[in-house]
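Below is one structure, written out as structure tokens; the observations come after it.
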Amino acid sequence: MSILSSLFGKEVVVGLDIGSAMIKAVQLEPTRTGFRVVRAAEQKTPQGTVRDGVVISRESVATAVRQMLQAAGITANSAVLSVSGPSSTVRQIRVPKMNEATLTKSIRYEAGKYLSNNLDDSSLAFEILGPCDDDPAQMDVMLVGTSRDIVDSRVIVAQMAGLEAVAVDIESFALIRALVEISEDDFADTNLRAIVDMGAAHTEVIILSGPDFALTRSIPISGDTFSDALKNQLRIESSEAELRKLDIDMGALITGEAPADTIELARIIQTTVDELLREIRRSINYFQSQLAEEGVSASLSEILLVGGAAQMRNMSTYMSARLGIPTRLCDPFTNSRLETSPEAEEWLQEQGASLAGALGLALKESLAPQVGGKR
């Protein structure tokens, strides 16, 4: 929070999720039992302005953010931002036991053992998880590394839009906050689950052990991949492919009870969807194999599906049938701890899976932070 904000006005924070296809925002205020959704909004990201997570046309995106916030009546002066994708690495590491100040000085040395990208071009964050059970001289640390260009470009966009960036979060942690931390009683077990975030540029797979983060992996198959398949097969423009994607019903491939043209449309992207599901399965199997090495056998109890591409009709039904794992499309705004106005309730339910990340960002300043110590 800036000195001017603290002297002359109250800090009002908005969760701001800048994606390659959509910009989303959620503003909350605390209540006695949870939170009230004050405002929420989304707007298309200007085409071609975000590439590989980096905002390359900052003025265009900042203008879109300002217009979106103004149209929605969001009067925030601060924002929590997110980064995601293959350039972001999240790993639990083991280091000699030390205090936070000492780790702060040595974190780049420790990170060099685990991160493949150039540390000079990376932003690092960490959280000390505690001493190791089997070796009290060691401690577990959650390490996060991401491209400095991605972080800096988003912070600059926020500033150009009139917002102070009070935090930059990993999208995986924001989703855990929106789906799990706000509903702790529903996850008070040791079951394995996966959050699958199907965005425009990539799909993020997050493995949970009970309520705790265990693993994340980015897969370069996403909503844009589906659109490209439609564009190439039907020989149509990108804008029309996006519209045709809304007509796809993946459930038609399971039941076979649909008009021939509906089934044919779903078949165009079926190969790509099946490839994505194989990669999701590999991610699950990899974590299960790690557990097996520790003598633990565990199956995945469910998949929580979010993201814009996840809202394609009956995608969860198709995934359940193909993977053999119960899969449900999540709407975090149905949570009893979240109050919504009657006039916004229907829209929030329709867009809930897409707004989950922005909701988790808005919750960051209110719920316990997942990762701290940005360096």
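Linking Ile, Leu, Val, Met, Phe, Trp and Tyr whenever their side-chain heavy atoms come within less than 4.5 Å puts V37 and L363 in one cluster. Under the 4.5 Å side-chain contact rule for hydrophobic residues, M312 and L234 share a cluster. Linking Ile, Leu, Val, Met, Phe, Trp and Tyr whenever their side-chain heavy atoms come within less than 4.5 Å leaves I284 and I206 in two separate clusters. Note on I156: it does not cluster hydrophobically with V54, by side-chain heavy-atom contacts below 4.5 Å among ILVMFWY residues. The cluster map of Ile, Leu, Val, Met, Phe, Trp and Tyr, joined by side-chain heavy atoms under 4.5 Å apart, puts L208 and V296 in different clusters.
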### Message
If you apply the rule side chain to side chain contact (heavy atoms under 4.5 Å, CB included), what do you find for S106 with M98, and how did you get there?
### Response
CA-CA 10 Å; S106 61; M98 65 185 80; 3.7 Å; yes
### Task
Starting from the C-alpha separation in whole Å, work towards a yes-or-no answer on side chain to side chain contact (heavy atoms under 4.5 Å, CB included) for V14 and V80.
CA-CA 6 Å; V14 63; V80 177; over 6 Å; no
### Task
Would you check, one step at a time, whether the test side chain to side chain contact (heavy atoms under 4.5 Å, CB included) holds for I219 with V205?
CA-CA 8 Å; I219 301 171; V205 180; 3.7 Å; yes
### Message
Applying side chain to side chain contact (heavy atoms under 4.5 Å, CB included) to E346 and Q351, what does each step give before you reach the verdict?
### Response
CA-CA 9 Å; E346 182 177 352; Q351 302 300 323; over 6 Å; no
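For the pair R36 and L338, the minimum side-chain heavy-atom distance is 4.5 Å or more. The shortest side-chain heavy-atom distance between T271 and D274 does not fall under the 4.5 Å cut-off. Contact annotation: the side chain of F213 never approaches that of I207 to less than 4.5 Å [non-hydrogen atoms, C-beta and beyond]. Between L129 and M139 there is no side-chain heavy-atom pair separated by less than 4.5 Å. Counting only heavy atoms from C-beta outward, the side chains of L304 and V196 never approach each other to under 4.5 Å. In this structure, R267 and L253 have side chains that are in contact, with non-hydrogen atoms separated by less than 4.5 Å. Counting heavy atoms from C-beta on, the side chains of L143 and Q92 never come closer than 4.5 Å. For the pair T146 and T89, the minimum side-chain heavy-atom distance is 4.5 Å or more.
With a 6.0 Å radius and a threshold of 12 heavy atoms from other residues, nucleotides or ligands, N99 has its CG atom above the threshold. Within 6.0 Å of atom OH in Y114, more than 12 heavy atoms from other residues, nucleotides or ligands are found, so the atom counts as buried in its surroundings. Annotation: E350, atom CD; neighbour count of heavy atoms from other residues, nucleotides and ligands within 6.0 Å is above 12. Atom CZ of R337 has more than 12 neighbouring heavy atoms from other residues, nucleotides or ligands inside a 6.0 Å radius. Counting heavy atoms of neighbouring residues, nucleotides and ligands inside a 6.0 Å radius, atom CD of Q349 exceeds 12 of them. By the neighbour-count criterion of 12 heavy atoms within 6.0 Å, atom NZ of K105 is sparsely surrounded, having that number or fewer from other residues, nucleotides or ligands. Annotation for D52: atom CG does not count as buried by contact number, only 12 or fewer foreign heavy atoms lying within 6.0 Å.
Between R217 atom CZ and E204 atom CD the span is 10.5 Å, to the nearest 0.5 Å. A distance of 10.5 Å separates CE of M198 from OG of S316, quoted to the nearest 0.5 Å. Note that the OG1 atom of T216 and the CG atom of L175 stand 9.0 Å from one another [nearest 0.5 Å]. With rounding to the nearest 0.5 Å, the separation of CD1 in I23 from CG in L69 is 9.0 Å. One distance of note links CG of L300 with CG of L192; it measures 6.0 Å at 0.5 Å rounding. Atom CG of L230 and atom CG of L265 lie 6.0 Å apart (nearest 0.5 Å).
Taking each heavy atom of P326 and S320 in turn, the nearest pair found is C-OG, 3.8 Å. Scanning both residues, K97 and P136, for their nearest heavy atoms gives CD-O, 3.5 Å. Considering every non-hydrogen atom in both M68 and L16, the closest pair reads CE-CD1, 4.0 Å. Closest heavy-atom contact between F35 and P30: CD2-CA, 4.0 Å. Closest of all the heavy-atom pairs between P46 and S60 is CG-O, 3.8 Å. Residue C132 comes nearest to D140 through the heavy atom pair SG-OD1, 3.4 Å, listed as atom of the first residue, atom of the second, then distance.
Checking side-chain atoms of S57 against main-chain N and O of T49 turns up no donor-acceptor pair under 3.5 Å. Using a distance-only test at 3.5 Å, with no hydrogens or angles considered, no donor-acceptor pair links the side chain of S183 to the main chain of V180. A donor-acceptor pair under 3.5 Å is formed between the side chain of R108 and the backbone N or O of L119. In this structure a side-chain-to-backbone donor-acceptor pair under 3.5 Å is present from S222 to A200. No donor-acceptor distance shorter than 3.5 angstrom exists from the side chain of T262 to the backbone of A258, with no hydrogens or angles considered. A donor-acceptor contact shorter than 3.5 Å is absent between the side chain of R322 and the backbone of V273. In this structure a side-chain-to-backbone donor-acceptor pair under 3.5 Å is present from T45 to G19. Using modelled atom types, one side-chain atom of R154 and one backbone atom of I18 make a donor-acceptor pair closer than 3.5 Å. For the pair K245 (side chain) and G223 (backbone), a donor-acceptor distance under 3.5 Å is present. Within the 3.5 Å criterion, the main-chain N or O of V12 finds a donor-acceptor partner in the side chain of N77.
A salt bridge is defined here as a Lys NZ or Arg NE, NH1 or NH2 lying under 4.0 Å from an Asp or Glu carboxylate O, and R282 with E279 meets this definition. Using a cut-off of 4.0 Å between Lys/Arg side-chain N and Asp/Glu carboxylate O, E237 and K231 are scored as not salt-bridged. A salt bridge between D247 and R313 is absent, with no side-chain N of the basic residue lying under 4.0 Å from a carboxylate O of the acidic one. Salt bridge status for R94 with D134: present, with a side-chain N to carboxylate O gap under 4.0 Å.
A donor atom on one side chain and an acceptor atom on the other are not found under 3.5 Å apart for Y318 and D249. Judged by distance alone, the side chains of T340 and E345 never bring a donor and an acceptor atom under 3.5 Å apart.
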